[in-house]
Every structure is written in C-alpha cells, then in structure tokens.
Amino acid sequence: NDYAEHYLGHLINLVRREVGVWRTAQYPQTTRVTKELLTFWFLNPERVGEQQLFFAQREAIETAIWLNEVAAKSNPGQHILNRLEETRKLEDSSGSLPRIAFKMATGTGKTVVMAALILYHFFNRQEYRQDTRFADYFLLVAPGITIKERLGVLYVDTLHKKLSGQIQDYYRLRHLVPHHYEKILDSLNARLVITNYHSFELRALQGNKRSP
C-alpha cells in the first residue's frame with residue numbers, strides 16, 4: 001500500500017492523470033489555435049492510419065501544452081506546477097533557466113514531437129502577438145553533426161515547394177499543418193536555429209592576440 005501510494009503520488013503520474021482527464025474532455029481551456037491544432041492532430045477522422053502519431057508522441061505533446069496553458073487553471077494543476085518550481089529551485093539556484101525535459105525512448109519519434117511543439121508555439125504567437133506563453137524563436141541544440149543533419153527536417157522546405165517537388169520537412173510530411181496555416185509557415189525559418197552544443201564551448205581565437 002505504501003508503494004502504491006508513492007507510485008500514484010509521483011509527479012509524473014499526477015501529470016499523466018490530469019492530462020488524461022483533459023484529453024477525455026477534448027482539450028478545454030486552451031486558445032482557439034491550440035484547440036484547432038490538437039483537434040487536427042488527434043481528433044481528426046480524416047487522418048488515415050499511417051498519419052496517426054504514436055501514443056508516446058501524443059502524450060508528450062499534450063503534456064507540454066497542458067503545462068503551458070492549462071495547469072495553472074486548476075488546483076491539481078497548480079499543485080503540479082508548484083512541485084516543478086520547487087525542484088527547479090533546488091537544481092538551479094540562479095533561477096535563470098526554467099526548463100522541462102521529456103524523456104522518450106529511441107524510435108518513438110522525438111523529432112515529430114519537436115515539430116508539433118514548434119508549430120504550437122509559432123502559430124499561437126502569430127495570432128496572439130503579446131502572449132508570452134508562446135515562444136517567438138526556437139533554438140535546437142544537437143549532440144553532434146549527424147543528429148544536427150537529421151534535424152534539418154525541422155526547417156520548412158521552401159526549395160521543393162518552389163520546384164513543385166516532394167517536400168521534405170516534417171511539418172508537411174507528417175501532416176501537422178492545417179491547410180489554412182500553410183500560408184504563414186514559410187516565415188518560420190527566420191525564427192529557427194539548429195546548431196551543435198560545441199557552438200557554446202569556450203575557444204581561443206587565433207590572431208595577433210590570443211583571446212578566450
């Protein structure tokens with residue numbers, strides 16, 4: 001019984017329970033844009049089998065959105081946010097970098113989750129310019145050149161669009177963009193940077209004077 005109580009009271013399981021209730025209710029208490037995206041991704045009867053996202057992807061996307069938009073509007077959600085904040089203060093005394101991590105196994109489709117969350121923030125911020133819950137710019141930091149190249153699918157493919165070829169970005173390949181949002185998608189690239197973590201390492205610049 002003690003173990004069961006601890007398990008059910010674990011922060012991740014508390015989040016899962018609340019997100020499950022919100023999912024069943026079909027995503028109340030969100031912006032119009034958010035509701036449109038979630039409905040298009042997960043409640044769309046026209047989405048054929050191969051376009052369906054894995055449940056791991058769906059749960060990660062829903063959880064990020066719930067934490068950002070919905071959690072603060074209920075007592076259980078506020079309790080979860082308070083626990084996250086307490087943990088953050090223990091790990092980062094400067095308080096300068098609030099962050100939430102999603103751990104997903106190899107093969108569960110992390111890049112698609114990243115694509116969906118970028119669109120979630122981008123489309124909302126275009127509609128609600130003053131709402132700082134939504135990010136305006138996106139930095140993706142990869143552990144090496146190979147992963148960085150793989151993440152290239154998160155740049156909007158404007159080249160093949162102009163050439164009427166097969167578009168290679170995940171936003172269209174994975175059917176993440178409702179038709180009426182496509183017209184503003186091309187402006188995303190100017191707000192997106194993909195780099196390696198090595199870009200942030202200290203280095204010595206060679207020249208007449210050595211400078212760190």
Side-chain angles (χ1 to χ4, degrees), residues 19 22-23 25-73 100 102 104 108-142 147-196:
V19 171
W22 178 63
R23 179 189 304 122
Q26 299 191 352
Y27 312 120
Q29 298 185 303
T30 59
T31 69
R32 175 185 56 80
V33 173
T34 300
K35 185 70 177 287
E36 284 181 6
L37 290 174
L38 289 167
T39 300
F40 182 74
W41 294 335
F42 307 127
L43 304 175
N44 183 358
E46 297 180 6
R47 188 175 285 272
V48 295
E50 64 268 19
Q51 296 175 5
Q52 298 286 345
L53 276 68
F54 298 141
F55 182 74
Q57 294 171 320
R58 178 176 183 174
E59 187 177 51
I61 293 165
E62 290 172 340
T63 301
I65 293 173
W66 182 82
L67 287 168
N68 190 49
E69 273 191 69
V70 183
K73 299 174 182 177
I100 295 173
F102 290 82
M104 297 178 64
T108 50
K110 294 181 286 294
T111 308
V112 174
V113 172
M114 295 162 73
L117 291 177
I118 288 170
L119 292 180
Y120 158 70
H121 282 276
F122 177 68
F123 289 146
N124 267 296
R125 192 63 183 263
Q126 295 301 300
E127 182 73 19
Y128 313 107
R129 293 299 306 161
Q130 304 306 314
D131 195 332
T132 55
R133 292 178 301 174
F134 306 111
D136 220 359
Y137 294 89
F138 309 92
L139 171 65
L140 285 73
V141 184
I147 302 299
K148 180 186 174 185
E149 290 176 350
R150 289 179 188 168
L151 292 177
V153 294
L154 295 175
Y155 284 120
V156 178
D157 185 353
T158 56
L159 176 63
H160 287 87
K161 182 179 179 182
K162 291 176 182 176
L163 298 176
S164 299
Q166 178 63 45
I167 291 176
Q168 297 298 313
D169 66 63
Y170 266 18
Y171 309 112
R172 269 78 68 95
L173 278 177
R174 300 308 172 94
H175 306 280
L176 298 176
V177 186
H179 178 71
H180 57 287
Y181 285 113
E182 285 216 12
K183 60 183 180 295
I184 63 173
L185 190 62
D186 286 357
S187 60
L188 172 59
N189 283 352
R191 302 171 182 274
L192 175 67
V193 173
I194 303 174
T195 188
N196 285 327

With rounding to the nearest 0.5 angstrom, report the [atom1] to [atom2] distance, [X] to [Y].
X	Y	atom1	atom2	result
I194	E149	CD1	CD	11.0 Å
L176	L117	CG	CG	10.0 Å
L154	L119	CG	CG	9.0 Å
L173	Q166	CG	CD	6.0 Å
Q52	H175	CD	NE2	11.0 Å
H121	L188	NE2	CG	12.5 Å

Heavy-atom side-chain proximity of [X] to [Y] below 4.5 angstrom:
X	Y	result
V156	R172	yes
I184	F123	yes
L140	I118	yes
T111	L151	yes
E69	Y120	yes
W41	R47	yes

Minimum heavy-atom separation for [X] and [Y], please, with both atom names.
X	Y	value
F42	I61	CZ-CD1, 4.0 Å
Y171	V153	CE1-O, 4.4 Å
A56	M104	O-CE, 3.9 Å
D169	Y155	CB-O, 3.2 Å
R133	D131	NH2-OD2, 2.8 Å
A190	Y137	O-CE2, 4.3 Å

(Q) L139 vs T195, test: side-chain contact (heavy atoms from CB on, under 4.5 Å). Steps then yes/no. (A) CA-CA 8 Å; L139 171 65; T195 188; 4.0 Å; yes

For R32, enumerate each residue passing the salt bridge (charged side-chain N to carboxylate O under 4.0 Å, His left out) test, keeping only those at least two apart in sequence or located in another chain.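 Residues passing salt bridge (charged side-chain N to carboxylate O under 4.0 Å, His left out) with R32: E36, E127.
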
Q. Who passes salt bridge (charged side-chain N to carboxylate O under 4.0 Å, His left out) against R125, sequence neighbours left out?
A.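 For R125 there are no salt bridge (charged side-chain N to carboxylate O under 4.0 Å, His left out) partners, ignoring immediate neighbours.
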
Whether over 12 other heavy atoms sit under 6.0 Å from [X] [atom1]:
X	atom1	result
E50	CD	yes
F102	CZ	yes
H180	NE2	yes

I would like to know whether Y27 and E62 meet side-chain hydrogen bond (donor to acceptor under 3.5 Å, both in side chains); could you show each step before the answer?
CA-CA 9 Å; Y27 312 120; E62 290 172 340; 2.5 Å; yes

For the residue pair F134 and F122, is the inter-centroid distance of their aromatic rings smaller than 6.0 Å?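 Distance test on ring centres: not under 6.0 Å, no.
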
